[in-house]
Each structure stands twice: as C-alpha cells, then as structure tokens.
2 protein chains.
Amino acid sequence: MAKSEKRDEIVRATMELIAEFGFHDAPIAAIAARANVGAGTIYRYFANKDVLINEIYLEIEERLMAHILEGYRSERPVRERFLHLGVGVLSYFIRNPAEFHYFEQFHISPYGGAFRRERLLERTEYRDVFMVLFQDGTAQQVVKNLPLMMLFSLLFGPLFTVAREHLLGFVPLDDQLIETVVTTCWDAIRQ
Amino acid sequence: MAKSEKRDEIVRATMELIAEFGFHDAPIAAIAARANVGAGTIYRYFANKDVLINEIYLEIEERLMAHILEGYRSERPVRERFLHLGVGVLSYFIRNPAEFHYFEQFHISPYGGAFRRERLLERTEYRDVFMVLFQDGTAQQVVKNLPLMMLFSLLFGPLFTVAREHLLGFVPLDDQLIETVVTTCWDAIRQ
DNA sequence: CAATTAGGAGTGAACGTTCACTCCTAATCA
DNA sequence: TGATTAGGAGTGAACGTTCACTCCTAATTG
C-alpha cells in the first residue's frame, strides 16, 4: 500500500463510521480495524482525533466544490448558475451518502459552529462562488433583496433536508425530481 | 424540591450540555453536576443515557407542538395556516436555543434516523397537522403537486437553517424577517 | 544496513452504571 | 400527642469497561 493510500483508507473508514454511528460512537480502535491499519498508524497521519475529524470535513468540502464547479460558467445568467450549483450539490450528496451524513453531523455539531466562527473572515472558494451569485442576483433585481445568509439558507436548507429524506428512504429522488427541487428553491428566492 | 422538579432539572441540564458540547462530550458526571443531583439520581428517573436522550427529544417535540397549535385554526385557508405554523416553529426555536440545538443534533444523528424509522407507522399529532395541511393544499391546487415529504423539506429545511444561522450570529432575525422567511417558503411551494 | 514507517499491546484517564448507605417523610403505635 | 419504625428517594464512591493515545518492536524501504 502506497503512503498516501493509507491516509485515504483512514479518512474513508472514519467518514463511514461516523456517518453510520455518529461522533460519539466511532472509536479509534474501530476506525483502525475498518481501515486495516494499526491504531498507532492513525497518529502518524493525524495529530489527534479532533484534527482528523476537522480535516475530513475540509476534504469533503473540497470534493463537493470540485464537483459542482465542473462545467460552471460564471458568465451565464443568475438563474442558470443557480440551477447548476443546486443540482450539483444535491446530486453529489445523494451519490455519496457517507460524505453527506458526515458533512451534516459535523455542520450541526459544536465542531461546525466553532469551525465556522474561526473561518468568518477567511475568503474561501466555497463562499465566494455563492456570494457572487447572490450578489449578482440582487443587483440585477432577479433575486429578492434579503440578507445573503438568508438566501444561502433558502437554497441549502431544502437541499440538505431533501437529501437526508432521500437517503433515509422517505422520498424517492431521481434526476427529474432533483431538477424540480432546485427549480422550486429558485421560486422561493426569485424576485 | 418536589419530585418532578428533579426530573426537570436533569432534563434541562442534559439539554443544555448536549446543545453546547454535543452528544460526544456531555458525560453523566457533568449532567449531574449541572442539575445539582447525584449521578445515581439520574438512574432513578431514566433507565440509561440513551433513554434519557430519546425522552428529551420527545419532550421538545411536545413543547414545540403545544406552542404552534396555540391559536391554530384548521378551518382557515391553506396559506394562512402555513404562515401560522411556519412562524410558530421559527419563533419558538429562536426563543429556545438549547432546545433548537438539541433537536437538530438529535435529528441529524443516527439517533434521529433510528427514531424516525421506528415511528414510521405511528400516527402523531405532529405529522398529522402538517400532512393534512399539505394534502389540503395539493387537493385545492394552491400548492405544487409534489411528494409530501418534499413539501415538508421545503418548509422545514429553510426554517431550521435560518434559525441556526440566527443563533450562531450570522443573520439577524426579528419578527418582520421571520414573517418574510415563511412567506418566501410559501413562494416555493405554492402552485 | 541504516533510516523510516507501521503495528498493536499497553497505559492512565474517563466513561456509564451500580449499590450500599443516608436521610427525610409519613405511617404506626402506646 | 410524642416516640418509634418503615419505606423509598437521593447519593457519590467504587466498579468494570472503554477510550484516546503512546511507545517499543517489527517490517519495510532505499
């Protein structure tokens, strides 16, 4: 196994276990077993469990961004960009359940709150692309004039909730319905 | 202290600690200390920690329902009922931060998934009032013809996300903006 | 063969849970 | 009515278990 393969296995194993059992029930011993490495090996790649947990979040964010920015054209109309990004987020997560559950649990837990507070002033690709989109939208008066974070919430709230319901088996999602959900979110924020 | 006062103190302490530190960092010792009871006392009221955690969720749900059903008139038009319930949920949670954070963490964690699966076939006041509302809406063709759980998601997704952003200090919410958020959700689901 | 990396038994701390005991209240008795 | 006893809620030290993390040996690499 190549060096970075081991790191990847640890990340994958941790993500899967926390997605399935939660932060409170994913001990290092279980992570090591699922990753097929020794417990000590984990500490060669990560200073401690908290660092591991935080880094996984960053990795998921990166992969998600890479996916939704594929084919994204910032010169297109606001509505088209909105649909592209919304569909991108939703389709990525329902194709990657473990990443989704991990992402959500992290985001809602005190980890997520602390993380976002530290990041408040940082510029991130993640924030920028959505910020620019919504700013364009309000400037062109095609989007309601609401606080930026509220527009965020009106997109991500439904997306995450629908993804969760789908993954729990409470609502069937296909490409057609994904499109419908995002269009419906657009109906909410459009002027 | 009357008998049930102790139970209430335990519930309150657990809720606050889990809201602030998460499931993984709210040990029984800390709960007992904050509730001003002995550790053993907790086990006179709850069989074990898992039972305690699940019962608190039920209690929050009850209190929330009691709040939003106050003044609810099921004979009024769909839009008016929708606004009443939406505003009720959002205003309850931003006035009760610990309950909100607890509710969210529970809901998104594996606890929540297991809980909802067990409950699938049960009838609950909670489900009924929203189900009837959305059924009326689609029957009267004032609401989009979408799966019930998707209509749920299009209301609760934004509400919870906005509440979270507000409680983390990322968006200021007043009665005026609460009304705006719910109206905006209505724009999403209305035909 | 030296240097680096991996492994997993070992470690002390912290965990949920228990249990022998202490009050305090209220029923019973003289 | 005052004295005695019974009952049960409350307690926190103690228990066995599990945890995150360390450290020394073994394996691998160049």
Side-chain angles (χ1 to χ4, degrees), chain A residues 1-59 98 101-102 105-106 109-112 114-115, chain B residues 1-59 98 101-102 105-106 109-112 114-115:
Chain A
M1 216 186 295
K3 185 190 164 170
S4 67
E5 262 183 62
K6 259 180 211 276
R7 210 197 102 107
D8 290 349
E9 282 299 291
I10 293 164
V11 165
R12 186 189 51 75
T14 308
M15 210 171 67
E16 288 174 9
L17 280 171
I18 288 180
E20 188 172 358
F21 301 111
F23 287 115
H24 64 287
D25 212 33
I28 290 287
I31 292 170
R34 188 182 281 229
N36 289 308
V37 301
T41 308
I42 293 171
Y43 292 87
R44 299 202 55 79
Y45 293 94
F46 304 95
N48 57 52
K49 204 184 179 185
D50 262 38
V51 167
L52 168 60
I53 284 171
N54 278 277
E55 287 211 7
I56 291 177
Y57 180 78
L58 287 173
E59 268 185 44
H101 289 305
Y102 188 98
Q105 288 193 71
F106 183 93
S109 76
Y111 283 115
F115 180 83
Chain B
M1 215 187 293
K3 186 193 161 170
S4 66
E5 263 182 61
K6 280 219 183 241
R7 208 197 105 107
D8 289 350
E9 282 299 291
I10 292 165
V11 166
R12 186 190 50 75
T14 308
M15 211 171 65
E16 287 174 9
L17 279 171
I18 289 180
E20 188 171 358
F21 300 111
F23 287 113
H24 63 288
D25 213 33
I28 290 286
I31 292 169
R34 187 181 281 229
N36 288 309
V37 302
T41 308
I42 293 170
Y43 291 87
R44 299 201 57 80
Y45 292 95
F46 304 96
N48 57 51
K49 203 184 178 186
D50 262 38
V51 167
L52 169 60
I53 285 170
N54 278 277
E55 287 211 6
I56 291 177
Y57 180 79
L58 287 173
E59 269 187 41
H101 289 303
Y102 188 97
Q105 289 193 72
F106 183 92
S109 76
Y111 284 114
F115 180 84

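Quick caveat, the model's predicted, so the values are computed rather than measured. Within every chain, numbering begins at 1; the chains are lettered A, B, ... in the order of the sequence lines, protein sequences first and strands thereafter. Just so you know, these numbers use all the heavy atoms, side chains as well, and skip hydrogens, waters and symmetry mates.
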query = Across all strands, who's sitting opposite C/dT22 as a Watson-Crick or G-U wobble pair, both distances under 3.5 Å?
reply = D/dA9
ask   = Looking at B/F115 versus B/F106, is the centre-to-centre ring distance below 6.0 Å?
value = yes
ask   = Counting N and O atoms only, with roles assigned by atom type, does the side chain of B/Q105 sit under 3.5 Å from a partner on the main chain of B/I18, one being a donor and the other an acceptor?
value = yes
message = Going by side chain to side chain contact (heavy atoms under 4.5 Å, CB included), A/F46 matches just one of A/N54, A/I10, A/I56, A/T14. Which one?
response = A/I10
ask   = Are any side-chain N or O atoms of B/Y45 and backbone N or O atoms of B/L52, one a donor and one an acceptor, separated by less than 3.5 Å?
value = no
request  = Encode nucleotides 11-22 of chain D as B, S and - characters from 5' to 3', where the letter depends on protein heavy atoms closer than 4.0 Å: B to the base, S only to sugar-phosphate, - to neither.
outcome  = BB------SSBB
request  = Flag the pair B/Y57 / B/Y111 as yes when their ring centroid distance falls below 6.0 Å, and as no otherwise.
outcome  = no
task = Rounded off to whole Å, could you give me the CD-to-P distance for the A/E5 and D/dT29 pair?
result = 12 Å
